[in-house]
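Keep in mind the model is a prediction, meaning the values are calculated, not measured. Here is how names work: the chains are called A, B, and so on, in the same order as the sequence lines, proteins then strands, and each is numbered from 1.
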Amino acid sequence: MDNISKTYEPQKFEREIYETWERDKNFHTTADRDGAPYCIVIPPPNVTGQLHMGHALDETLQDILIRYHRMKGDNTLWMPGTDHAGIATQAKVEESLRKEGTNRYELGREKFLERVWQWKEKFGNRISYQLRTLGSSCDWERERFTMDAGCSAAVRKVFVTLYNEGLIYRGTRITNWCPKCNTALSDIEVEHEDEAGHLWHLRYPFADGTGYVEVATTRPETMLGDTGVAVHPDDERYKNLVGKTLILPLVNREIPLFADSYVDKSFGTGAVKVTPAHDPNDYEMGLRHNLEQIKVIDNLGKMIDVGKYTGLDRYECRKQIVADLEAGGFLVKVENHNHAVGHCSRCHTTVEPLVSEQWFVKMETLAKPAIEAVKTGAIKFVPERFTKIYINWLENIRDWCISRQLWWGHQIPAWYCDDCGKMTVSETDVDECPHCHGKNLRRDEDVLDTWFSSALWPFSTLGYPEETAELKKYYPTSVLVTGYDIIFFWVVRMVMMGLKFRGEVPFKHVFIHGLVRDELGRKMTKSLGNGIDPVEIIDTYGADSLRFTLVTGNTPGNDMRFFRAKVEASRNFANKIWNASRFLLMNLDGFDATFKPAREDLELADKWILQRLAYRINAVTENLDKFELGEAARQLYEFIWFEYCDYYIELTKARLYGDNQRAKATALFVLTTVLEAALRLLHPFMPFLTEVIRQKLPSATGSIMLAKFPTVEELGDLLDKDKAIADAAKLILNVVKAVRNIKTEVGIDSRKKTRVVLKASDAANQKNLSDNARYLTELAAADPIEFADEKPAHALSAVVDGAEIFLPLEGLIDTEKEIARLTKERDKLQKFIASTSAKLSNEKFVGKAPANVVQAEREKLAASEEKLTALDGRIAQLKSL
RNA sequence: GGGGUUGUAGCUCAGAUGGUUAGAGUGCCUCGUUGACAUCGAGGAGGUCACAGAUUCGAGUUCUGUCAGCCCCACCA
């Protein structure tokens with residue numbers, strides 16, 4: 001036997017074990033291998049930085065599913081990789097440039113991209129290291145990156161195809177613009193937040209001097225770009241005024257008063273100033289009424305072409321405009337007004353709607369099949385409630401702005417000819433205009449939204465656009481594991497692209513998890529400084545402890561709170577397993593490992609633990625198949641700690657320390673068999689611990705991660721399914737608990753040997769107790785044990801289903817207290833009997849409830865009445881003393 | 001404005017298809033180092049399952065409403 005330390009010390013073996021697995025290529029598979037395909041593509045972590053606790057959860061869930069299926073014999077592939085995360089990574093690198101006192105424009109595009117690639121190398125490696133630390137069994141030989149050659153080829157092919165089919169188009173539109181990131185954004189990259197703002201009421205005079213119209217606005221600075229004022233066509237207040245001309249204050253531009261049913265009569269004054277160049281609604285109205293678009297805010301959020309305001313920041317300009325309006329007598333009043341304001345999801349700057357030329361994906365035709373796929377069940381969400389969120393979003397989708405004015409990303413494959421002015425979109429680079437054969441071509445400088453390449457991830461990683469063996473074998477993948485926060489960003493787009501380009505859904509299940517929050521339930525963020533580094537947790541408690549913590553104590557799809565006390569509990573569980581194994585190994589030392597007991601060698605305890613094992617195998621398997629990973633983990637916790645350690649190990653000690661070699665060998669065999677199976681069941685959750693222990697067991701060969709996942713069938717003859725075994729065990733354990741209880745109530749050490757007198761309720765129970773009396777001695781220090789028909793008067797007592805228990809403890813018995821204790825017990829029982837018999841005398845219950853339920857109630861009642869009689873007799877006896 | 005979700009022991013949370021005398025971890029109290037484990041063992045206290053109705057023989061579990069918290073979506077200036 002190896003020396004095995006007294007406590008669980010994961011730092012001593014986790015790294016080495018992972019290296020062994022990787023060296024032995026245990027993570028690797030090939031398409032031609034046997035087994036049903038099981039494939040997960042990793043949600044590629046952003047190369048912006050290192051992994052956080054949310055990633056640790058995501059990867060743990062995936063690794064559990066992957067390891068489970070690999071052990072089940074499936075041809076299992078976990079595709080790893082990382083995402084270039086265009087805007088996010090670029091922002092990080094720009095920030096570090098700022099610290100060096102330079103910027104990307106000074107560096108130039110080429111040099112800047114070199115810097116980003118260096119960044120990518122650094123954090124990409126860090127992420128791989130973290131994934132390994134966590135125990136992730138991904139196929140590293142297949143690691144991918146959203147900007148590698150293969151993914152780039154996929155992006156080009158998809159872009160060109162969609163363009164040729166008219167599903168990608170270029171157009172001038174009003175889009176969300178981040179003045180700080182200096183790029184367009186898609187709708188979902190804008191986060192709306194309620195802000196306390198103001199509603200300014202302004203007077204716009206009529207050109208003919210007949211008075212004025214009062215408008216209300218939350219953004220007075222945009223008035224510089226106003227080209228009209230709109231009212232509702234049915235608004236009586238304005239009906240006769242529509243068509244008149246107004247003079248825009250400060251600017252003195254003539255603008256029309258017109259009617260549009262978009263306007264809400266009940267809001268503000270019922271009159272809206274219209275700024276087509278800087279508000280999406282006004283933009284639409286502007287189109288309907290042929291209004292001029294006057295751009296007064298530039299890409300950086302500064303005012304342009306507006307006289308004395310030119311060059312001012314938009315908020316600075318607001319102050320001045322308000323002051324000038326007030327001075328001119330145009331400001332009527334200012335009200336407080338809360339409203340939703342859009343912010344850039346990356347840098348939190350207030351988004352500025354701007355008119356610009358961008359590339360879009362037409363969503364409607366792509367969205368329809370994506371909705372169908374979920375409605376028909378081709379894709380199933382777990383938990384199911386996310387289906388609704390997904391469908392609802394897709395049914396209200398708008399075109400997707402995919403161009404970004406960034407440098408880091410997939411550059412758009414479009415070229416403009418300076419000679420003929422025509423555009424060419426091509427999969428391969430273009431150096432000659434196909435229209436005029438001119439050579440003066442400029443490539444579109446924009447890059448694609450990072451989610452464009454992510455959308456192709458399930459098939460680009462499997463080889464697309466090549467028709468590879470992997471693509472044939474593993475697509476559609478089995479399950480996508482991700483957080484609910486990126487359903488819109490990523491899941492829907494993968495489904496759309498998968499259906500469009502493969503004709504099949506990209507995955508059959510979407511397993512959604514929640515966020516990992518801090519101890520107080522707050523999001524872990526950099527600004528709060530409340531993030532916990534998974535690697536730090538792993539260093540102190542081990543990866544297995546972290547994994548177990550992340551997967552237990554919450555329900556799929558719900559957020560979880562993370563704190564160290566939880567990890568400590570998991571670590572203690574690991575330590576428990578460690579020590580149970582240590583106990584076994586110490587006893588196994590020098591013993592014949594090839595011994596196999598006959599069925600007759602097994603005693604009650606053995607049969608019982610094997611029954612429990614069979615039960616847990618089923619429970620764990622069923623729960624894993626339902627994605628109830630936490631429940632599966634809980635089953636194992638209970639089995640190992642409460643059944644295997646608390647009872648079974650204790651019940652083998654007499655045999656292990658006794659002289660009967662065959663009995664000892666039998667106990668060791670069952671101990672080993674059950675532990676080994678439990679380790680395999682637990683392996684997906686705690687891969688390192690289970691590997692290191694199993695390798696020390698004499699029976700095991702090879703890595704546990706390639707061993708078969710336990711089945712009830714493998715127990716074969718050892719498993720005795722007789723229900724009498726469970727009943728017998730239940731009686732014994734109930735007596736054990738009762739004896740222990742009495743002892744501690746009167747202050748006797750539960751391990752101090754005490755004489756116990758038993759009175760069984762019938763012959764079967766009597767036999768059971770006497771056959772297994774040794775167990776009572778081992779678990780409750782009942783010694784000697786006697787059987788009697790009479791109730792000893794001077795004794796402490798208890799009643800369980802099937803037996804009365806007496807502890808004749810002369811000198812320790814306070815009769816009054818004993819009566820009180822038993823009376824309390826009696827009253828509780830009486831209450832239960834009252835409610836149960838009421839239930840049973842209710843004809844409706846007996847008539848309508850299922851027969852088995854009624855039968856169960858009858859049995860409970862009978863047992864309780866028997867117990868009550870015994871208790872009453874006992875109390876009477878004590879009172880007569 | 002629409003949608004989702006949560007409200008169970010001091011704290012963190014489990015409790016499919018309605019039927020247990022409602023559970024775990026942690027914390028608390030009492031006791032315990034005879035050879036797996038004090039990262040432990042034995043025992044105990046602690047909950048009218050947010051509130052009000054409804055359905056049912058029976059509801060923590062289904063439905064409706066109320067209150068409270070959280071989240072997502074949303075172009076009322």
Can you tabulate the close N/O pairs, meaning under 3.5 Å, that link protein atoms to atoms of nucleotides 69-77 of chain B?
residue: B:C75; atom: OP1; partner: A:Arg398; partner atom: NH2; Å: 3.4
residue: B:C75; atom: O2'; partner: A:Asn281; partner atom: ND2; Å: 2.4
residue: B:C75; atom: N1; partner: A:Asn281; partner atom: OD1; Å: 3.1
residue: B:C75; atom: O2; partner: A:Asn281; partner atom: OD1; Å: 2.0
residue: B:C75; atom: O2; partner: A:Asn281; partner atom: ND2; Å: 3.2
residue: B:C76; atom: O2; partner: A:Asp264; partner atom: OD2; Å: 2.4
residue: B:C76; atom: N3; partner: A:Asp264; partner atom: OD2; Å: 3.1
residue: B:A77; atom: O2'; partner: A:Ala216; partner atom: O; Å: 3.4
residue: B:A77; atom: N6; partner: A:Asp264; partner atom: O; Å: 2.7
residue: B:A77; atom: N6; partner: A:Phe267; partner atom: O; Å: 2.5
residue: B:A77; atom: N1; partner: A:Asp264; partner atom: N; Å: 3.2

### Message
Looking only at the side chain of A:Val853 (C-beta and beyond, no hydrogens), which of the listed nucleotides B:G19, B:G44, B:C37 gets closest?
### Response
B:G19
### Task
In whole angstrom, give the distance that lies between atom CD of A:Glu622 and atom P of B:A16.
15 Å
### Message
Does A:Pro353 reach a base, just sugar-phosphate, or nothing at all? Heavy atoms under 4.0 Å.
### Response
nothing
### Summary
Residue pairs meeting ring pair (Phe, Tyr, Trp, His ring centres under 6.0 Å), one or both in residues 542-576 of chain A, sequence neighbours left out, come to A:Phe548-A:Phe573, A:Phe573-A:Tyr637
### Message
When you compare the side chain of A:Glu643 with that of A:Tyr648, does any pair of heavy atoms fall below 4.5 Å?
### Response
no
### Query
According to a 3.5 Å limit on both distances, what stems of 3 or more consecutive Watson-Crick or G-U pairs are formed with RNA chain B?
B:1-7 with B:67-73, B:10-13 with B:23-26, B:28-32 with B:40-44, B:50-54 with B:62-66
### Query
For atom P, what is the distance between B:G69 and B:G25, given to the nearest Å?
33 Å
### Task
Look at A:Tyr644 and B:A36 and indicate whether a side-chain polar atom (N or O) is within less than 4.0 Å of OP1 or OP2.
no
### Query
Can you name the side-chain hydrogen bond (donor to acceptor under 3.5 Å, both in side chains) partners of A:His343, sequence neighbours left out?
A:Glu195
### Query
Where does the angle between the aromatic ring planes of A:Phe381 and A:Tyr390 fall among parallel (under 30°), tilted (30 to 60°) and perpendicular (over 60°)?
tilted
### Message
Rounded to whole Å, please give me the gap between CZ in A:Phe573 and C1' in B:C40.
### Response
15 Å
#### Entry: side-chain contact (heavy atoms from CB on, under 4.5 Å) against A:Glu825, all qualifying residues, sequence neighbours excluded
A:Leu871
### Message
Enumerate the salt bridge (charged side-chain N to carboxylate O under 4.0 Å, His left out) contacts for residues 543-561 of chain A, please, sequence neighbours excluded, ordered by first and then second residue.
### Response
A:Asp63-A:Arg547, A:Arg517-A:Asp559
### Query
Mind checking the P distance from B:G3 to B:A9? Whole angstroms is fine.
30 Å
### Message
Is the phosphate of B:A36 approached by A:Lys653 (side-chain N or O, under 4.0 Å from OP1 or OP2)?
### Response
yes
### Query
A:Lys824: what forms a side-chain contact (heavy atoms from CB on, under 4.5 Å) with it, not counting sequence neighbours?
none
### Summary
Protein-proximity profile, nucleotides 21-34 of chain B, B/S/- by nucleotide at the 4.0 Å heavy-atom cutoff, equals B--SS------S-B
### Summary
Sequence neighbours excluded, the answer for side-chain hydrogen bond (donor to acceptor under 3.5 Å, both in side chains) partners of A:His289 is A:Asp260
### Message
Are the side chains of A:Leu325 and A:Trp200 in contact, using a 4.5 Å heavy-atom criterion?
### Response
no
### Task
Could I get the full list of side-chain hydrogen bond (donor to acceptor under 3.5 Å, both in side chains) partners for A:Asp235, not counting sequence neighbours?
A:Arg237
### Message
Any residue in residues 538-556 of chain A with a heavy atom nearer than 4.0 angstrom to RNA chain B? Just list them by number, or reply none.
### Response
A:Gly553, A:Asn554, A:Thr555
### Task
Sequence neighbours left out, what passes side-chain hydrogen bond (donor to acceptor under 3.5 Å, both in side chains) with A:Asn579? Give chain and number order.
A:Asn575, A:Arg582
